[in-house]
Amino acid sequence: MPVVLHDTLSREMRPLLLKAGKSTFGMYCCGPTVYGPAHIGNFRTFTLQDVLRRTLEVDGLKVKHVRNITDVDDKTIRGAQAAGQSLNDFTKKWTEKFHADCKALGLLTPQVEPSAVEHIPQQVAMIQALVDRGHAYVSKDGSVYFKVHSCKDYGKLSHIDFSKQETQATNSAGEANDADEYERESASDFALWKSRKPDDGNNFWPSPWGEGRPGWHIECSAMSLAHLGATFDLHGGGIDLCFPHHENEIAQTECATGINGFAAHWFHSAHLLVEGEKMSKSKGNLFTLDELVAKGFSPMEVRYTLIAGHYRTSLNFTMKGLEDARSALGKIERGAEKLLHAAGFTQKEFAMPAVIEKQTSWGRFAHAWEVLQHDLNIPGCLGQIFTVLADKHEVSAQQAREDLSGLGKILYALGLALFADVAGPSAPANVVALAAQRWAAKQAKDFAAADRLRKEITELGWTMLDHKDGYDLKKSV
RNA sequence: GGCGCGGUAGCCAAGUGGUAAGGCCGGGCUCUGCAAAAGCCCCAUGCGUCGGUUCAAUUCCGACCCGCGCCUCCA
């Protein structure tokens with residue numbers, strides 16, 4: 001049974017299958033603009049795309065995942081100048097940070113991560129094709145704009161009828177459009193090439209229309225064309241990109257190549273709210289992964305939280321949600337541990353890739369997998385996992401092995417790595433010393449001293465967890 | 001105004017034309033120097049409101065109320 005997913009363009013549930021004659025499933029995802037650390041909202045989208053890719057792979061599809069790096073635009077140029085660095089040095093730094101965060105969150109590396117700067121010739125060629133075909137025009141200052149009204153299908157993704165807005169002087173929000181400022185023929189036309197401005201500094205490239213830099217939308221069209229061709233299987237991104245970015249991508253690519261059917265499927269993920277509010281710098285609720293790790297949460301807990309809501313519903317990200325995720329993950333680990341014990345396996349033997357390659361059974365997790373395959377219903381799938389794990393009946397070694405095969409594959413698809421040694425931040429020396437003293441006091445049965453020391457440790461923001469033969473220190477949340 | 005998404009227990013969150021998965025929290029018990037952890041048990045006659053269709057609706061249809069997103073470069 002193939003994975004079935006809701007498609008934004010057709011608004012239908014559609015199976016994700018290999019096209020006739022193709023051996024790989026081409027998937028393009030709009031990547032980050034590397035001008036600072038990506039926040040958890042960005043990572044919700046990237047993580048959901050990762051789960052989709054993994055799910056398709058477990059389903060047996062060979063996926064070619066392309067995710068670009070936007071390393072030239074207003075924000076990167078401004079950021080580089082503010083930092084007193086070259087654009088290249090500046091974006092390289094943030095690209096590396098992005099990769100480090102991806103790795104921590106367990107995101108698989110895309111097969112191709114094209115850089116916009118490195119695809120400027122392809123972008124110029126595409127703009128030239130659009131000019132040649134009458135879909136774009138050059139303005140007085142040497143900028144090039146896409147002529148929206150030359151594309152009869154424009155608006156098909158976001159389901160907006162642009163033919164009725166032919167001569168409008170206001171945009172659809174009722175605000176005046178200052179079309180003159182950009183020398184555009186129509187308010188809905190958008191820039192393909194931006195002529196060189198003093199603010200750009202050294203960041204300009206040659207083109208048939210003079211020096212300048214590419215517009216944002218053309219990057220993705222040029223890079224998807226270069227790496228996946230004029231048509232491919234699936235395009236993903238945050239819901240905010242649906243219009244205008246993705247609408248423009250369709251128009252650019254289809255008009256430049258003359259081939260219809262840019263992306264066969266559109267996968268948009270809903271946004272993340274933080275404590276019930278939209279994320280914004282002014283509200284101070286723009287969390288990065290580092291900030292959450294500093295609060296004592298593991299990247300895996302963050303990952304669980306990010307995927308625990310359905311991708312088409314906005315997710316309210318809260319600290320309590322992270323704590324919930326911690327408990328839930330622990331529950332899955334204990335359940336898996338129990339199955340491993342029944343099966344006679346070690347944790348090491350539960351290593352995901354081995355399970356994927358060698359096992360075909362789904363055991364009692366067959367239903368959980370079916371749920372996941374249906375519109376990437378991660379919360380439903382997790383519910384099924386817990387339902388099976390809660391079963392109190394004794395399981396045979398054979399049953400446990402089949403179950404682990406299924407559970408292993410599902411957890412791989414979700415990208416939830418169990419039994420990882422997530423140490424978290426280590427305790428400061430004074431806390432470590434107090435813990436050692438308390439342990440000694442406890443061994444000496446000096447419980448009054450032990451209790452007093454526990455109190456001190458707690459006041460310093462740490463929790464001491466006693467075991468039979470030792471103890472752990474965890475940062476209090 | 002246009003387009004789209006959603007309103008399910010204290011919180012989070014699935015789902016179905018036939019009588020509400022799951023996680024967290026909370027309560028009880030077991031275990032335990034203390035504190036945790038863990039294990040077991042309990043926890044929505046109810047699914048925004050009002051109508052309609054139906055033997056039967058939270059699930060379909062209609063209206064309404066409320067929240068949210070996008071509407072030119074925010075994943």
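So that the names make sense, note that chain A is the first sequence line, chain B the second, and so on, each numbered from 1.
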(request) Kindly confirm or rule out a cation-pi arrangement of A/Arg78 over A/Tyr35, judged by NZ or CZ under 6.0 Å from the six-membered ring centre and within 45° of its axis? (result) no
(message) Please name the nucleotide paired to B/C50 by Watson-Crick or G-U wobble geometry with both distances under 3.5 Å, or report none.
(response) B/G62
(request) Answer yes or no for A/Arg54 and A/Tyr412: cation-pi contact, defined as NZ/CZ to six-membered ring centre under 6.0 Å and angle to ring axis within 45°. (result) yes
(message) Can you check the distance between B/A9 and B/G48, where both ends of the measurement are the C1' atom (answer in whole Å)?
(response) 15 Å
(request) Pick base, sugar-phosphate or nothing for A/Gly238, based on heavy-atom distances below 4.0 Å to the nucleic acid. (result) sugar-phosphate
(message) I'd like to know if A/Lys156 pairs up with A/Glu254 as an ion pair, taking the criterion as any Lys NZ or Arg NE/NH1/NH2 lying under 4.0 Å from an Asp or Glu carboxylate oxygen.
(response) yes
Check the interface with nucleotides 39-42 of chain B: list each N/O to N/O pair with the protein under 3.5 Å, or write none.
{"unit_1": "B/G39", "atom_1": "OP1", "unit_2": "A/Arg334", "atom_2": "NE", "d": "3.4"}
{"unit_1": "B/C40", "atom_1": "OP1", "unit_2": "A/Lys392", "atom_2": "NZ", "d": "3.4"}

(request) Considering only atom P, compute the distance from B/C3 to B/G22 and round it to an integer number of Å. (result) 40 Å
(message) Please report whether the ring centroid of A/His246 lies less than 6.0 Å from that of A/His268.
(response) yes
(request) Would you classify A/Ile385 as touching base, sugar-phosphate or nothing, given that sugar-phosphate means primed atoms plus P, OP1 and OP2, and contacts are heavy atoms under 4.0 Å? (result) nothing
(message) Tell me which nucleotide, if any, is Watson-Crick or G-U wobble paired with B/G17 when both distances must be under 3.5 Å.
(response) none
(message) With a 6.0 Å cut-off (strictly less than), is the heavy-atom count around NZ of A/Lys455, excluding the residue itself, greater than 12?
(response) no
(message) Can you measure A/Asn316 atom CG to B/C68 atom P for me and round it to whole angstrom units?
(response) 12 Å
(request) Classify the nucleic acid contact of A/His217 as base, sugar-phosphate or nothing, counting any heavy atom under 4.0 Å across all strands shown. (result) nothing
(request) Write down the partner of B/A35 under the Watson-Crick or G-U wobble criteria, each distance required to be under 3.5 Å. (result) none
(request) For B/G26 versus B/C12, give the span between their C1' atoms, rounded off to a whole number of Å. (result) 15 Å
(message) For A/Gln443, is the CD atom crowded, meaning more than 12 foreign heavy atoms sit under 6.0 Å from it?
(response) yes
(request) Would you mind reading off the distance between A/Glu219 atom CD and B/C73 atom C1', rounded to a whole angstrom? (result) 10 Å
(message) Which nucleotide wins on minimum distance to the side chain of A/Met279, given the candidates B/A21, B/U72, B/A75?
(response) B/A75
With 3.5 Å as the limit, what N/O pairs link the protein to nucleotides 4-10 of chain B?
{"unit_1": "B/G4", "atom_1": "OP1", "unit_2": "A/Arg11", "atom_2": "NH1", "d": "2.4"}
{"unit_1": "B/G4", "atom_1": "OP1", "unit_2": "A/Arg11", "atom_2": "NH2", "d": "3.0"}
{"unit_1": "B/C5", "atom_1": "O2'", "unit_2": "A/Arg312", "atom_2": "O", "d": "3.4"}

(request) Tell me which of A/Ile40 and A/Ala325 sits closer to the 5' end of RNA chain B, going by the nucleotide each one is nearest to. (result) A/Ala325
(request) Determine the interatomic distance between P on B/C11 and the same-named atom on B/G52; round to the nearest Å. (result) 31 Å
(message) For a quick check of understanding: with a heavy-atom distance under 4.0 Å over all strands, which category does A/Lys455 fall into, base, sugar-phosphate or nothing?
(response) nothing
(request) Output yes when A/Asp50 and A/Arg303 qualify as a salt bridge under the 4.0 Å nitrogen-oxygen rule, no when they do not. (result) yes
(message) Of the options B/C74, B/A14, B/U72, whose atoms approach the side-chain atoms of A/Pro244 most closely?
(response) B/U72
(message) For A/Tyr28 and A/Phe267, I'd like to know if the aromatic rings sit close, meaning centre-to-centre distance below 6.0 Å.
(response) no
(message) Measuring only the C1' atom in each nucleotide, how far is B/C73 from B/U49? A whole number of Å is fine.
(response) 41 Å
(request) Mark yes or no: A/Lys409 above the aromatic ring of A/Trp369, with NZ or CZ under 6.0 Å from the six-membered ring centre and no more than 45 degrees from the axis. (result) no
(message) Counting the benzene-type ring for Trp, do A/Phe317 and A/Phe43 have ring centres under 6.0 Å apart?
(response) no
(message) In whole Å, I'd like the distance from the CG atom of A/Leu414 to the P atom of B/G22.
(response) 18 Å
(message) Does a side-chain N or O of A/Asn377 approach OP1 or OP2 of B/G15 to a distance below 4.0 Å, or not?
(response) yes
(message) Tell me whether A/His271 and B/G69 count as stacked here, given that the ring centres must be under 5.5 Å apart and the planes must differ by less than 30 degrees.
(response) no
(request) Determine the interatomic distance between C1' on B/G67 and the same-named atom on B/C55; round to the nearest Å. (result) 37 Å
(request) Return the nucleotide paired to B/C3: Watson-Crick means purine N1 to pyrimidine N3 with N6-O4 or O6-N4, wobble means G-U with N1-O2 and O6-N3, both under 3.5 Å. (result) B/G69
Distances for protein N/O vs nucleotides 32-35 of chain B N/O pairs under 3.5 angstrom?
{"unit_1": "B/G33", "atom_1": "O6", "unit_2": "A/Arg438", "atom_2": "NH2", "d": "2.9"}
{"unit_1": "B/G33", "atom_1": "N1", "unit_2": "A/Asp451", "atom_2": "OD1", "d": "2.9"}
{"unit_1": "B/G33", "atom_1": "N2", "unit_2": "A/Asp451", "atom_2": "OD1", "d": "2.7"}
{"unit_1": "B/G33", "atom_1": "N2", "unit_2": "A/Asp451", "atom_2": "OD2", "d": "2.5"}
{"unit_1": "B/C34", "atom_1": "O2", "unit_2": "A/Asp451", "atom_2": "OD1", "d": "3.4"}
{"unit_1": "B/C34", "atom_1": "O2", "unit_2": "A/Arg454", "atom_2": "NE", "d": "3.2"}
{"unit_1": "B/C34", "atom_1": "N3", "unit_2": "A/Arg438", "atom_2": "NH2", "d": "3.3"}
{"unit_1": "B/C34", "atom_1": "N3", "unit_2": "A/Arg454", "atom_2": "NH2", "d": "3.3"}
{"unit_1": "B/C34", "atom_1": "N4", "unit_2": "A/Asp466", "atom_2": "OD2", "d": "2.6"}
{"unit_1": "B/A35", "atom_1": "N1", "unit_2": "A/Asp466", "atom_2": "N", "d": "3.4"}
{"unit_1": "B/A35", "atom_1": "N3", "unit_2": "A/Arg454", "atom_2": "NH1", "d": "3.4"}
{"unit_1": "B/A35", "atom_1": "N3", "unit_2": "A/Arg454", "atom_2": "NH2", "d": "2.8"}

(request) Mind telling me whether A/Phe262 and A/His235 have parallel, tilted or perpendicular rings, with 30° and 60° as the class edges? (result) tilted
(message) Ignoring hydrogens and geometry beyond distance, is a side-chain donor-acceptor pair present between A/Tyr304 and A/Asp324 at under 3.5 Å?
(response) no
(request) Under a 3.5 Å limit for both distances, which nucleotide forms a Watson-Crick or G-U wobble pair with B/C24, could you say? (result) B/G10
(message) Distance check, P atoms only: B/G10 and B/C43, in whole angstrom units.
(response) 15 Å
(message) Judged by each residue's nearest nucleotide on RNA chain B, which is more toward the 5′ side, A/Gly41 or A/Leu273?
(response) A/Leu273
(request) Classify the side-chain pair A/Ser221/A/Glu249 by whether it contains a donor and acceptor separated by less than 3.5 Å. (result) no
(request) To the nearest Å, give me how far apart NE2 (A/His246) and P (B/C74) are. (result) 12 Å
(request) Assign A/Asp240 to base, sugar-phosphate, or nothing according to its heavy-atom contacts below 4.0 angstrom with the strands shown. (result) base
(request) For A/Lys194 and B/C73, give me the distance from atom NZ to atom C1', rounded to whole Å. (result) 7 Å
(request) Decide, yes or no, whether a salt bridge links A/Arg454 with A/Asp466 under the criterion of side-chain N to carboxylate O below 4.0 Å. (result) yes
(message) Could you tell me how far B/U58 sits from B/U53 if I compare only their P atoms? Round to whole Å.
(response) 15 Å
(request) Provide the Watson-Crick or G-U wobble partner of B/A44, both distances under 3.5 Å; none if there is no partner. (result) none
(message) The side chain of A/His39 is closest to which nucleotide in this list: B/A75, B/C24, B/A21?
(response) B/A75
(message) Cation-pi check for A/Phe204 against A/Arg213: NZ or CZ below 6.0 Å from the six-membered ring centre and within 45 degrees of the axis, yes or no?
(response) no
(request) Measure from the side-chain heavy atoms of A/Ser327 and tell me the nearest of B/A75, B/C73, B/C25. (result) B/C25
